[in-house]
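A short write-up of the structure that comes next.
Source: prediction; values computed, not measured.
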Amino acid sequence: MNTLHAARDKYIFLVVSFILWFSHFIYVPILSPYIESMGGKYTFIGFVLSSYGLMQLLCRLPIGIFSDLTKLRKPVIVSGMLISAFSCLAFALTDSLGWVLLSRSLAGVAAATWVVFTVLYSSYFTDREIHVPWEVFRLLLF
């Protein structure tokens with residue numbers, strides 16, 4: 001890969017990363033009061049808020065293993081972005097408590113693709129340029 005394409009890919013990666021996280025967290029400060037104003041009880045609000053983390057817990061490892069086995073990085077990232085976009089659209093265009101739960105759960109699935117983002121990003125650098133955390137710990141401890 002020549003340096004022009006590598007630099008362009010890094011900038012695209014940064015923009016896509018920003019869009020992914022921005023779309024997941026821009027509405028979080030108002031999510032609980034919004035669900036309550038729709039008639040959601042506190043227990044349901046807890047389910048919605050925890051569905052994001054639960055879906056990441058359940059999906060992150062299988063997504064990472066799938067990506068490693070198939071060596072598909074960009075298609076998994078694009079899938080995560082599409083899931084994120086659908087999540088945001090469903091959340092914005094509906095006023096049903098069920099759709100709110102589904103939307104936040106899908107946001108968790110999309111966030112689980114972050115593991116693939118990190119692997120793709122490290123592929124933009126040579127082995128010499130990649131920071132290995134274990135080496136830092138080894139140098140600090142021994």
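To the nearest 0.5 angstrom, I35 atom CD1 is 10.0 Å from I30 atom CD1. Remark: C88 SG to I19 CD1 distance equals 11.0 Å, nearest 0.5 Å. Taken to the nearest 0.5 Å, the CD1 atom of I12 stands 11.5 Å off from the OG atom of S17. Expressed to the nearest 0.5 Å, how far CG of L61 lies from CZ of F66 amounts to 14.0 Å. Taking CG from L54 and CG from L49, the interatomic distance works out to 12.5 Å, rounded to the nearest 0.5 Å. Taking CZ from R60 and OG1 from T113, the interatomic distance works out to 8.5 Å, rounded to the nearest 0.5 Å.
In this structure, R104 and V48 approach most closely via the heavy-atom pair CG-O, 3.4 Å. The minimum heavy-atom distance linking A90 with S103 is given by the pair CB-OG, 3.4 Å. For G40 against I45, the heavy-atom pair with the smallest separation is O-CD1, 4.0 Å. The minimum heavy-atom distance between H24 and S84, with the atom names listed, is NE2-OG, 3.1 Å. Closest non-hydrogen pair, Q56 versus G108, comes out as CG-O, 3.2 Å. Closest heavy-atom contact between F47 and L101: O-CD1, 3.9 Å.
Hydrophobic clustering (ILVMFWY, side-chain heavy atoms < 4.5 Å, transitive): L57 and L102 are in distinct clusters. Under the 4.5 Å side-chain heavy-atom criterion for ILVMFWY residues, no single connected hydrophobic cluster contains both F25 and Y27. Linking ILVMFWY residues whenever their side-chain heavy atoms come closer than 4.5 Å, directly or via other members, leaves F22 and L82 in distinct clusters. Residues I83 and L93 do not share a hydrophobic cluster, defined by chaining ILVMFWY side chains whose heavy atoms lie under 4.5 Å apart. With hydrophobic clusters built from ILVMFWY side chains whose heavy atoms lie under 4.5 angstrom apart, V15 shares a cluster with W114.
Side-chain N/O atoms of R73 and S67 include a donor and acceptor closer than 3.5 Å.
Between Y34 and F91, the distance from one ring center to the other falls under 6.0 angstrom. A ring-centre distance under 6.0 Å is not found for F13 and F18.
Using a 4.5 Å heavy-atom cutoff, the side chains of L20 and F117 are in contact. Looking only at side-chain heavy atoms (C-beta outward), Y42 and S32 stay at 4.5 Å or farther from each other.
Counting non-hydrogen atoms of neighbouring residues, nucleotides and ligands closer than 6.0 angstrom, the CH2 atom of W99 reaches no more than 12 such neighbours.
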